[in-house]
There are 2 protein chains.
Amino acid sequence: MVEIQPKRPRDAQATRQALLDAAAALFAERGFERATVRDIAARAGVNQALLFRYFGSKKALFGEVLERNGREQLKATAPESLLEAALRGMLLADDGRLGDRSLEAFLRSTGGSDEVAATGRLLGDEYARVLAGLSDRQDSDLRADLVLSWLLGIGLMRVVVGKEPLASADPDEICELVLGAARTLLEGLAVPVPPPAP
Amino acid sequence: MVEIQPKRPRDAQATRQALLDAAAALFAERGFERATVRDIAARAGVNQALLFRYFGSKKALFGEVLERNGREQLKATAPESLLEAALRGMLLADDGRLGDRSLEAFLRSTGGSDEVAATGRLLGDEYARVLAGLSDRQDSDLRADLVLSWLLGIGLMRVVVGKEPLASADPDEICELVLGAARTLLEGLAVPVPPPAP
DNA sequence: TCCAAGTGTAAGCACGTGCTTACATAGAGC
DNA sequence: GCTCTATGTAAGCACGTGCTTACACTTGGA
């Protein structure tokens with residue numbers, strides 16, 4: 001992801017980025033509450049006081065992590081591919097370090113604090129708006145919310161709860177089942193052909 | 001729910017029940033981590049030391065709450081009505097004190113600890129088994145997991161995240177959309193006619 | 001009546017947490 | 001070389017947490 005610089009000894013920008021990366025990983029692994037500022041700073045290899053100097057608070061750091069990663073995917077993928085991209089991203093989140101970790105971070109943190117839920121709501125609104133644009137139904141907003149709910153629910157059961165057989169199921173198989181049903185629900189959503197070569 | 005006894009002054013059974021009720025409410029409102037043993041004991045009107053005498057630990061108390069409430073619904077409803085019952089229970093959980101609060105408690109606690117997720121997984125297995133029994137497809141277990149995931153996802157978005165328009169949507173409308181799609185997914189699931197007069 | 005078990009309580013321990021403060025050190029401009 | 005600011009660090013504060021301990025009161029049976 002990030003090019004390794006020849007280690008400029010004192011680089012605020014690099015330190016900030018290291019904290020951001022470490023936070024993204026730890027929030028995804030343990031959720032907001034159980035990821036401590038001490039662990040985040042340790043993984044980034046810096047003193048924890050810097051975390052507060054650069055981000056102000058743990059909550060602000062969480063918000064920045066979630067927003068950055070979320071909007072990245074949102075901006076990078078076309079509307080008609082968003083559902084599949086988001087679903088595949090989450091399905092791949094557990095094996096290897098691929099996939100969208102920010103969704104996992106969100107799922108592991110929702111119960112924690114109201115601010116966390118609020119941050120997620122903002123991002124959810126953007127996702128839902130794009131999804132709703134794919135439908136021409138009267139209640140397209142509600143249908144989009146339901147599709148988005150399904151996506152999160154699958155992530156919840158698969159990566160945080162680890163429910164079998166869902167947790168070990170083949171992503172392709174899941175995609176086929178889910179995208180088919182979601183298309184029916186949205187009606188008029190064009191499910192894209194297998195994704196273009198990267 | 002519970003009949004108010006003429007207040008037998010020292011009644012271990014009643015105290016235990018009071019703790020169980022208070023815990024169910026607080027876990028649903030705040031999740032496992034943010035519901036403190038002090039608050040639970042205070043709402044039950046007893047000393048917090050009793051909580052540990054009767055249940056051993058906070059985690060054990062959580063497990064007992066979740067198990068009791070979950071299995072209650074599971075035992076009380078016929079398989080072909082389970083999906084709708086669980087969905088309606090969750091949709092009603094926010095307004096008033098109706099609905100199944102244990103699902104809400106679970107949703108607000110998943111990220112917290114691994115044991116919590118494990119407790120939920122056990123219950124989820126039972127729900128999924130019943131749901132899978134309604135389908136005669138080859139991969140009915142996976143399909144049941146997906147339906148269950150949807151249910152939890154909807155709860156997550158509606159009651160803990162508060163995503164609009166889902167959060168304020170009419171339960172009947174949601175049921176119609178979801179049950180239709182779920183029936184298609186399970187194929188062969190008989191969606192019951194509007195529920196019998198209560 | 002008296003004792004033992006059952007039920008309840010006040011106080012505190014040990015620990016982890018987010019966050020702050022006081023201080024060290026490196027690097028750029030003069 | 002000197003200073004001044006940006007960057008980094010060690011130590012600790014204040015607080016909330018789950019859980020324990022030592023003790024008081026009630027009750028029922030002998």
Side-chain angles (χ1 to χ4, degrees), chain A residues 5-24 26-27 29-66 105 108-109 111-116 119, chain B residues 5-24 26-27 29-66 105 108-109 111-116 119:
Chain A
Q5 301 290 356
K7 190 186 177 187
R8 216 185 324 168
R10 286 180 159 225
D11 186 340
Q13 206 60 23
T15 302
R16 220 187 111 96
Q17 187 61 44
L19 280 168
L20 229 31
D21 291 342
L26 273 169
F27 283 143
E29 285 173 23
R30 308 188 199 165
F32 177 77
E33 308 255 354
R34 282 158 53 95
T36 73
V37 293
R38 281 170 176 80
D39 287 342
I40 293 171
R43 182 171 296 198
V46 303
N47 190 282
Q48 60 159 336
L50 293 182
L51 188 154
F52 295 96
R53 172 132 67 207
Y54 291 138
F55 301 97
S57 74
K58 187 188 178 187
K59 277 176 188 165
L61 172 60
F62 182 81
E64 195 148 333
V65 165
L66 215 61
R108 292 199 131 99
S109 310
S113 95
D114 293 345
E115 277 105 338
V116 169
T119 305
Chain B
Q5 301 290 356
K7 190 184 175 185
R8 215 184 326 163
R10 291 180 155 226
D11 186 341
Q13 206 60 24
T15 302
R16 222 187 109 97
Q17 187 61 44
L19 279 168
L20 231 30
D21 291 343
L26 274 170
F27 282 143
E29 285 173 25
R30 305 186 199 167
F32 177 77
E33 308 256 353
R34 283 159 52 95
T36 72
V37 293
R38 281 171 176 79
D39 287 342
I40 293 171
R43 182 171 296 198
V46 304
N47 188 282
Q48 58 159 337
L50 292 183
L51 188 154
F52 294 96
R53 179 176 298 170
Y54 291 139
F55 300 97
S57 75
K58 187 188 178 187
K59 278 176 188 164
L61 172 60
F62 182 81
E64 194 148 334
V65 165
L66 216 61
R108 292 199 130 100
S109 310
S113 95
D114 294 345
E115 277 105 339
V116 169
T119 305

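Naming convention: chains lettered A, B, ... in sequence-line order (proteins, then strands); numbering from 1 in each chain.
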Item to check | Heavy-atom donor-acceptor pair, B:Arg38 side-chain to D:dG16 base, under 3.5 Å | outcome: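 No.
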[X], nearest nucleotide to its side chain (from [options]):
X       : options               : answer
B:Leu50 : D:dC19, C:dC19, C:dT9 : C:dT9
B:Ala49 : D:dT7, D:dT21, D:dA10 : D:dT21
B:Ala12 : C:dT9, C:dG18, C:dT7  : C:dT7
A:Arg53 : D:dG18, D:dT9, C:dA10 : D:dT9

Next on the checklist: Can you tell me if B:Thr15 touches the phosphate of C:dG8, counting only side-chain N or O atoms and a distance under 4.0 Å to OP1 or OP2?
Outcome noted: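 Looking at the OP1 and OP2 atoms of C:dG8, one of them is under 4.0 Å from a side-chain N or O of B:Thr15.
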Item to check | Distance test, side-chain N/O of B:Tyr54 to OP1/OP2 of D:dC19, below 4.0 Å | outcome: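 So the side-chain polar atoms of B:Tyr54 never come under 4.0 Å of the phosphate oxygens OP1 or OP2 of D:dC19.
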Measure [atom1]/[X] against [atom2]/[N] and give the value in whole Å, please.
X       : N      : atom1 : atom2 : answer
A:Phe62 : C:dC19 : CZ    : P     : 14 Å
A:Phe52 : C:dT17 : CZ    : C1'   : 9 Å
A:Asn47 : D:dG8  : CG    : P     : 10 Å

Checklist entry - Taking for each residue the nucleotide of DNA chain C with the nearest heavy atom, is it A:Gln48 or B:Val46 whose nucleotide lies nearer the 5' end? => result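 With A:Gln48 and B:Val46 compared, the 5'-side residue is B:Val46.
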Next on the checklist: Checking side-chain contact (heavy atoms from CB on, under 4.5 Å) between B:Leu26 and each of B:Val37, B:Ile40, B:Thr36, which is the one that passes?
Outcome noted: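 With B:Leu26 as partner, side-chain contact (heavy atoms from CB on, under 4.5 Å) holds for just one option, B:Ile40.
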Next on the checklist: Quick check for you: to the nearest 0.5 Å, what is the distance between A:Arg53 atom CZ and A:Arg16 atom CZ?
Outcome noted: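 CZ of A:Arg16 is found 13.5 Å from CZ of A:Arg53.
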